[in-house]
Amino acid sequence: MSEAKWYVVHTYSGYENKVKANIEKAIENRNLADRILQVEVPTQSVVEVKGGTSREAKKKLFPGYVMVYMVMDEDTWYIVRNTRGVTGFVGSDPKEPMPLSEDEMRFLGISDEEPEVRVDFKEGDRVVVRSGAWKDTIGEINRLDVGKRTLTIMVPMFGRDTPVELGFAEVEKI
């Protein structure tokens with residue numbers, strides 16, 4: 001038996017999780033667990049901050065694609081290729097799919113990264129502080145530090161603007 005490799009399968013957009021479930025069901029029904037070893041829909045954790053609240057969400061890295069770790073033979077090719085929602089394997093020859101290289105897998109396998117942070121405000125926006133000592137204070141964003149998830153606003157104090165550093169969740173865009 002040959003060695004298992006990662007292959008990329010093209011699906012209808014929005015059907016990635018359904019294709020994964022259908023392939024996993026076929027693996028179970030046809031006793032192919034020793035040849036189709038893993039099916040993945042690559043996702044990334046993203047922190048979205050909107051209206052002063054943050055939440056973590058999963059975002060598909062490659063919409064329309066599913067990755068399958070399998071031993072390629074006629075049976076496994078047929079099962080995956082004929083799964084509902086699959087349009088084909090990625091590669092130049094539809095009968096001979098091309099596995100991902102080690103470099104491509106290393107690139108895709110990085111999952112220990114910090115989640116990407118998305119915020120709905122930018123430098124120059126006016127915000128109101130929702131909590132803490134500066135509650136109800138209105139200021140203009142002077143600097144964003146996405147890595148630390150903080151921002152600096154300019155607050156008028158004693159007749160001049162003073163910088164105040166706050167967390168993303170402490171402010172709300174006006």
What donor-acceptor contacts under 3.5 angstrom involve side-chain atoms of residues 136-145, with partners at least two apart or in another chain?
{"unit_1": "Thr137", "atom_1": "OG1", "unit_2": "Trp134", "atom_2": "O", "d": "2.7"}
{"unit_1": "Arg143", "atom_1": "NH2", "unit_2": "Thr152", "atom_2": "OG1", "d": "3.4"}
{"unit_1": "Asp145", "atom_1": "OD1", "unit_2": "Gly147", "atom_2": "N", "d": "3.3"}
{"unit_1": "Asp145", "atom_1": "OD1", "unit_2": "Lys148", "atom_2": "N", "d": "3.2"}

Kindly indicate whether the side chain of [X], heavy atoms from C-beta on, has any atom under 4.5 Å from the side chain of [Y].
X     : Y     : value
Tyr65 : Val90 : yes
Leu37 : Ile27 : no
Glu56 : Val46 : no
Lys58 : Ser45 : yes

Joint hydrophobic cluster, [X] plus [Y], side-chain heavy atoms closer than 4.5 Å:
X      : Y     : answer
Val41  : Ile23 : yes
Val8   : Tyr69 : yes
Val146 : Val49 : yes

For [X] against [Y], the heavy-atom pair lying closest together:
X     : Y     : result
Val47 : Ser54 : CG1-CB, 4.1 Å
Val80 : Met70 : CG2-SD, 3.8 Å
Arg84 : Val19 : O-CG2, 3.6 Å

Anything under 3.5 Å between a donor and an acceptor, one on a side chain of residues 156-174, the other on a protein residue two or more places apart or in another chain? List them.
{"unit_1": "Glu170", "atom_1": "OE2", "unit_2": "Gly167", "atom_2": "N", "d": "2.7"}
{"unit_1": "Lys173", "atom_1": "NZ", "unit_2": "Asp120", "atom_2": "O", "d": "3.2"}

First locate atom [atom1] of [X], then atom [atom2] of [Y], and finally report the distance between them rounded to the nearest 0.5 Å.
X      : Y      : atom1 : atom2 : answer
Lys20  : Thr83  : NZ    : OG1   : 14.0 Å
Arg149 : Leu151 : CZ    : CG    : 13.0 Å
Met98  : Met72  : CE    : CE    : 12.0 Å

Of all pairs that satisfy side chain to side chain donor-acceptor pair (under 3.5 Å), the ones with a partner from residues 5-16, not counting sequence neighbours: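 Found His10-Thr87, Glu16-Lys60.
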Mind checking side chain to side chain donor-acceptor pair (under 3.5 Å) for Lys122 and listing every partner two or more places apart, or none if nothing turns up?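 Counting only residues at least two positions away or on another chain, Lys122 forms a side chain to side chain donor-acceptor pair (under 3.5 Å) with Asp125.
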Residues which pass side chain to side chain donor-acceptor pair (under 3.5 Å) with Glu123, listed by chain and number, not counting sequence neighbours: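 Glu123: no side chain to side chain donor-acceptor pair (under 3.5 Å) contacts found.
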Apply the test side chain to side chain contact (heavy atoms under 4.5 Å, CB included) to residues Leu100 and Met67: give CA-CA distance (whole Å), side-chain angles for both, the deciding distance (0.1 Å), then the verdict. CA-CA 10 Å; Leu100 292 173; Met67 296 174 54; 3.8 Å; yes
Mind checking side-chain contact (heavy atoms from CB on, under 4.5 Å) for Arg30 and listing every partner two or more places apart, or none if nothing turns up?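 Only Leu32, Ile79 meet the side-chain contact (heavy atoms from CB on, under 4.5 Å) criterion with Arg30.
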For a quick check under 3.5 Å, do Thr43 and Lys59 share a side-chain donor-acceptor pair by atom type?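 Short answer, no.
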